[in-house]
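Single-structure report; data block below.
So that the names make sense, note that chain A is the first sequence line, chain B the second, and so on, each numbered from 1.
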2 protein chains.
Amino acid sequence: METTRRREIEDVASDLFREQGYSATSVRDIARALDIQGPSLYAHVTSKEDLLWAIVDRAASRFEAAADAAEAWAAAQHAGDHAVHLAELARGHVRTITADVGAASVFVAEWRALGPGRRAAILARRDAYERRFRELIADGTATGVFRMADPTLAAMLVLGALNAIATWYDPNGRLPADRIADLAAEAIVRIVAEEPT
Amino acid sequence: METTRRREIEDVASDLFREQGYSATSVRDIARALDIQGPSLYAHVTSKEDLLWAIVDRAASRFEAAADAAEAWAAAQHAGDHAVHLAELARGHVRTITADVGAASVFVAEWRALGPGRRAAILARRDAYERRFRELIADGTATGVFRMADPTLAAMLVLGALNAIATWYDPNGRLPADRIADLAAEAIVRIVAEEPT
DNA sequence: CCTACCGATCGGTAGG
DNA sequence: CCTACCGATCGGTAGG
């Protein structure tokens with residue numbers, strides 16, 4: 001099927017973009033990894049940047065969906081418990097990364113290569129996503145559950161720690177993805193929480 | 001003086017590499033930022049990759065020197081206090097980043113563009129540097145001051161949080177560099193420390 | 001530090 | 001999905 005082939009191309013491109021960066025990866029590099037000729041790729045994609053956009057756009061949607069799920073779950077099960085909500089938000093973030101490291105890495109690091117319009121669009125979504133962390137930490141600090149002197153800085157440190165996982169995560173590595181998600185969520189709650197958990 | 005001009009070139013290149021990435025930055029981009037013609041750059045540098053190497057090599061040395069200083073200071077003033085040592089190591093790391101964001105960003109993110117030999121050399125130094133964080137956390141955990149279930153993961157999270165500062169730090173931003181260094185050091189000690197500090 | 005220039009590679013098109 | 005091909009740009013050299 002055509003959509004399957006298209007996804008295969010996006011997956012191969014994601015991995016190459018992650019390893020070498022978008023602009024250091026040529027269209028022919030992607031084609032070679034698929035065992036086809038460079039120009040043949042254009043039967044499936046309209047441009048190299050369209051391919052980048054497709055990857056980034058889908059990755060963004062996955063992060064957003066994970067945050068929505070974490071929020072819904074926290075609201076239903078532990079309404080008002082900021083620490084539990086933050087832990088779940090972090091866990092979802094990490095699981096989204098480990099589920100597709102290639103796409104997550106590209107979302108985190110390669111969006112700069114997008115043209116002005118798309119770059120602005122993805123930056124707006126990134127900002128909105130980061131705001132969820134920031135406001136959750138700020139709310140928790142206001143109610144005294146958290147204790148960060150600067151919630152904005154705290155959110156940047158937390159997201160920095162979690163996003164870096166996209167850089168070093170190896171599916172065949174020592175720690176399974178779920179364990180990384182649990183331990184990382186625990187660690188980041190410890191940054192902001194008033195009491196050790 | 002010639003060395004001054006050379007440093008000016010490295011500074012301009014660092015900033016461009018940080019903003020656009022090494023391979024998306026052309027030799028002519030660097031030249032334009034210096035108000036000279038592309039080929040004129042080769043009066044000062046032997047190749048684009050040599051320029052990258054000079055930046056990465058110097059940045060690596062600064063991180064190493066900061067860690068040495070933190071270690072010497074902790075040994076002299078607070079021998080055996082792992083939390084104080086880790087805080088100082090983190091503070092030094094952040095100050096090294098904010099003192100030259102361009103170079104630090106390139107060290108953190110653009111070393112992939114180096115040729116095989118130099119890439120291996122810088123990776124070895126990165127590993128040795130990361131080991132200082134990892135072993136300090138492992139030692140503190142062994143003596144009961146820290147409580148991380150997985151010191152290796154803890155070190156990666158800590159370094160991820162700190163390195164991300166190179167991505168978003170703005171010298172004209174809301175928080176001064178020293179305040180970021182202090183707050184970040186405090187936050188990361190909180191990740192690993194047994195008691196709230 | 002400049003102009004003139006080079007081979008290689010880039011993203012992409014034409015036409016099957 | 002292929003071969004043949006294109007204009008633009010790349011890093012870098014020659015020769016002042």
Pair listing, side-chain hydrogen bond (donor to acceptor under 3.5 Å, both in side chains) test, anchored in residues 105-118 of chain B, at least two apart: R18(B)-S105(B), E49(B)-R118(B), D50(B)-R118(B)
Listing request: all side-chain hydrogen bond (donor to acceptor under 3.5 Å, both in side chains) pairs with a residue in residues 81-92 of chain A, at least two apart in sequence or in separate chains. E88(A)-R91(A)
Write down the distance between [atom1] ([X]) and [atom2] ([N]), rounded to a whole number of angstrom.
{"X": "D29(B)", "N": "dT9(D)", "atom1": "CG", "atom2": "P", "value": "12 Å"}
{"X": "Q37(A)", "N": "dT3(D)", "atom1": "CD", "atom2": "P", "value": "5 Å"}
{"X": "R32(A)", "N": "dC10(C)", "atom1": "CZ", "atom2": "C1'", "value": "13 Å"}

Residue pairs, two or more places apart or on separate chains, that pass ring pair (Phe, Tyr, Trp, His ring centres under 6.0 Å) and touch residues 139-168 of chain B: none
Can you tell me which residue pairs pass the ring pair (Phe, Tyr, Trp, His ring centres under 6.0 Å) test with a partner in residues 55-79 of chain B, sequence neighbours excluded? F63(B)-H93(B), F63(B)-F107(B), F63(B)-Y129(B), W73(B)-H78(B)
With sequence neighbours excluded, tell me which residues meet salt bridge (charged side-chain N to carboxylate O under 4.0 Å, His left out) with R32(B). D29(B)
Residues which pass salt bridge (charged side-chain N to carboxylate O under 4.0 Å, His left out) with D100(A), listed by chain and number, not counting sequence neighbours: none
Is the side chain of S23(A) donor-acceptor paired with the backbone N or O of A24(B) at a distance under 3.5 Å, no angle test? yes
Check residues 154-162 of chain B and write down every donor-acceptor pair under 3.5 Å in which the side-chain atom is one partner and the other belongs to a residue at least two apart or another chain.
none

All stems with DNA chain C, defined as three or more consecutive Watson-Crick or G-U pairs under 3.5 Å: C:1-16 with D:1-16
Base, backbone or nothing for each nucleotide of nucleotides 11-16 of chain D, written B, S, -, heavy atoms under 4.0 angstrom, 5' to 3'? BBB---
